[in-house]
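First up is the structure itself, then whatever we jot down about it.
Just so you know, these numbers use all the heavy atoms, side chains as well, and skip hydrogens, waters and symmetry mates. In what follows, every chain begins at residue 1, and chains take the letters A, B, ... in the order their sequences are listed.
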Amino acid sequence: MKYWLFKSEPDAFSIEDLFALPNATDHWDGIRNYQARNIMRDDMKKGDKGFFYHSSCKVPGVVGEVKIVSAAYPDHTARDKRSKYYDPKATEEDPRWCMVDVQATQQYQEVIPLTTLKQTPGLEDMTLLRRGNRLSIMPVSAAEWRIIRKLAR
DNA sequence: GCCAACGTTGGC
DNA sequence: GCCAACGTTGGC
């Protein structure tokens, strides 16, 4: 099993929003970065787990956990002209972009702030903390997963 | 709102 | 295939 981190701006889509949906499940659409797409398409597997991370907000940080409940499949918003994720280059034969389904499994009582992660031993090499990394989904090692979970309440 | 860092685009 | 210009991300 692998571990991941899903970044989202809470103003657009928060962990509360995910919990409010039936089965606390939704598709993670709108990925329009090739590196992130390749991770999703090639490496994410049903049953993997992930952190839900709130970005571009008052206290950026890890707010809970999700489970990946489907393998990658075509992101239909790429072919929807009304979607803000519309991509004219996406076709039925070559959908270009994909998404997975995620289910919220836990919301922490308190956010684990980015500032705490930065100060926590063992997380020095975390992709999230590496300079200039702007991927919206990224890998988390098993060791990092364990360390971060211990910080949660 | 600023700005550093990075990805994408398009002219050549 | 190079690279300048531009757009986006996201912490501060």
Side-chain angles (χ1 to χ4, degrees), chain A residues 2-21 26-44 48-68 72-102 104-141 143-153:
Chain A
K2 289 183 176 166
Y3 301 98
W4 309 97
L5 182 142
F6 292 78
K7 216 189 269 180
S8 183
E9 298 185 18
D11 288 345
F13 188 74
S14 69
I15 193 164
E16 289 88 353
D17 294 331
L18 184 53
F19 267 111
L21 294 170
D26 200 8
H27 41 254
W28 201 269
D29 61 6
I31 295 289
R32 295 294 179 270
N33 169 286
Y34 287 108
Q35 209 183 333
R37 180 205 63 181
N38 293 347
I39 288 173
M40 206 172 231
R41 187 190 57 196
D42 304 333
D43 300 331
M44 278 191 184
D48 285 357
K49 293 178 178 178
F51 289 123
F52 199 117
Y53 179 92
H54 281 176
S55 69
S56 293
C57 55
K58 200 164 181 189
V59 185
V62 174
V63 293
E65 296 175 18
V66 297
K67 187 166 67 178
I68 296 170
Y73 61 99
D75 181 345
H76 55 77
T77 64
R79 298 184 57 228
D80 178 0
K81 279 191 176 152
R82 291 162 308 173
S83 168
K84 66 171 177 168
Y85 300 123
Y86 176 66
D87 179 355
K89 289 175 187 157
T91 63
E92 191 170 1
E93 302 75 47
D94 178 18
R96 258 169 99 93
W97 305 108
C98 63
M99 57 192 181
V100 297
D101 290 347
V102 298
T105 54
Q106 194 181 345
Q107 179 172 9
Y108 301 146
Q109 290 190 349
E110 291 173 31
V111 55
I112 305 169
L114 177 61
T115 51
T116 300
L117 300 178
K118 283 179 176 169
Q119 292 164 10
T120 302
L123 300 182
E124 295 86 358
D125 296 330
M126 211 184 158
T127 307
L128 176 73
L129 304 182
R130 275 210 284 267
R131 216 164 78 104
N133 199 306
R134 300 177 311 165
L135 283 180
S136 56
I137 50 175
M138 52 181 81
V140 172
S141 75
E144 290 158 357
W145 176 266
R146 240 179 294 115
I147 292 169
I148 294 169
R149 281 194 109 192
K150 269 192 204 154
L151 299 170
R153 271 187 256 173

Check your understanding: Between A:D101 and A:Y73, is any side-chain donor less than 3.5 angstrom from a side-chain acceptor?
Key ->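 Note: A:D101 and A:Y73 side chains meet the donor-acceptor criterion.
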Point to revise | Short side-chain donor-acceptor distance under 3.5 Å, A:T77 and A:R32 | key: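 Checked: A:R32/A:T77 side chains pair up, N/O donor to acceptor below 3.5 Å.
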Check your understanding: Charged N to carboxylate O below 4.0 Å: is that the case for A:R96 and A:D94?
Key ->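 Salt bridge absent between A:R96 and A:D94.
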Nearest of [options] to any side-chain atom of [X]?
X      : options              : answer
A:K7   : C:dT8, C:dG10, B:dT9 : C:dG10
A:K89  : B:dT9, C:dC12, B:dA5 : B:dT9
A:R134 : C:dG11, B:dA5, B:dT9 : B:dA5
A:S55  : B:dA5, B:dT8, C:dG11 : C:dG11

Over how many whole Å does the gap from [X] atom [atom1] to [N] atom [atom2] extend?
X      : N      : atom1 : atom2 : answer
A:L135 : C:dT9  : CG    : P     : 12 Å
A:N33  : B:dA5  : CG    : P     : 18 Å
A:L129 : C:dG11 : CG    : P     : 11 Å
A:R130 : C:dT9  : CZ    : C1'   : 18 Å

Practice item. Please check the phosphate of B:dA4 (OP1 and OP2 only) for any side-chain N or O of A:R131 closer than 4.0 Å. Key: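 The answer is no; no side-chain N or O of A:R131 sits under 4.0 Å from OP1 or OP2.
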Review point. Is the distance from OP1 or OP2 of C:dG11 to the nearest side-chain N or O of A:Y53 less than 4.0 Å?
Key: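 Checking A:Y53 against C:dG11: at least one side-chain N or O falls below 4.0 Å of OP1 or OP2.
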Check your understanding: Using a cut-off of 4.0 Å on non-hydrogen atoms, how would the nucleic acid contact of A:K118 be classed: base, sugar-phosphate, or nothing?
Key ->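 Result for A:K118 = sugar-phosphate.
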Practice item. For this output row, return yes or no: ring centroids of A:F52 and A:W4 closer than 6.0 angstrom. Key: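 So the answer is no for these two rings.
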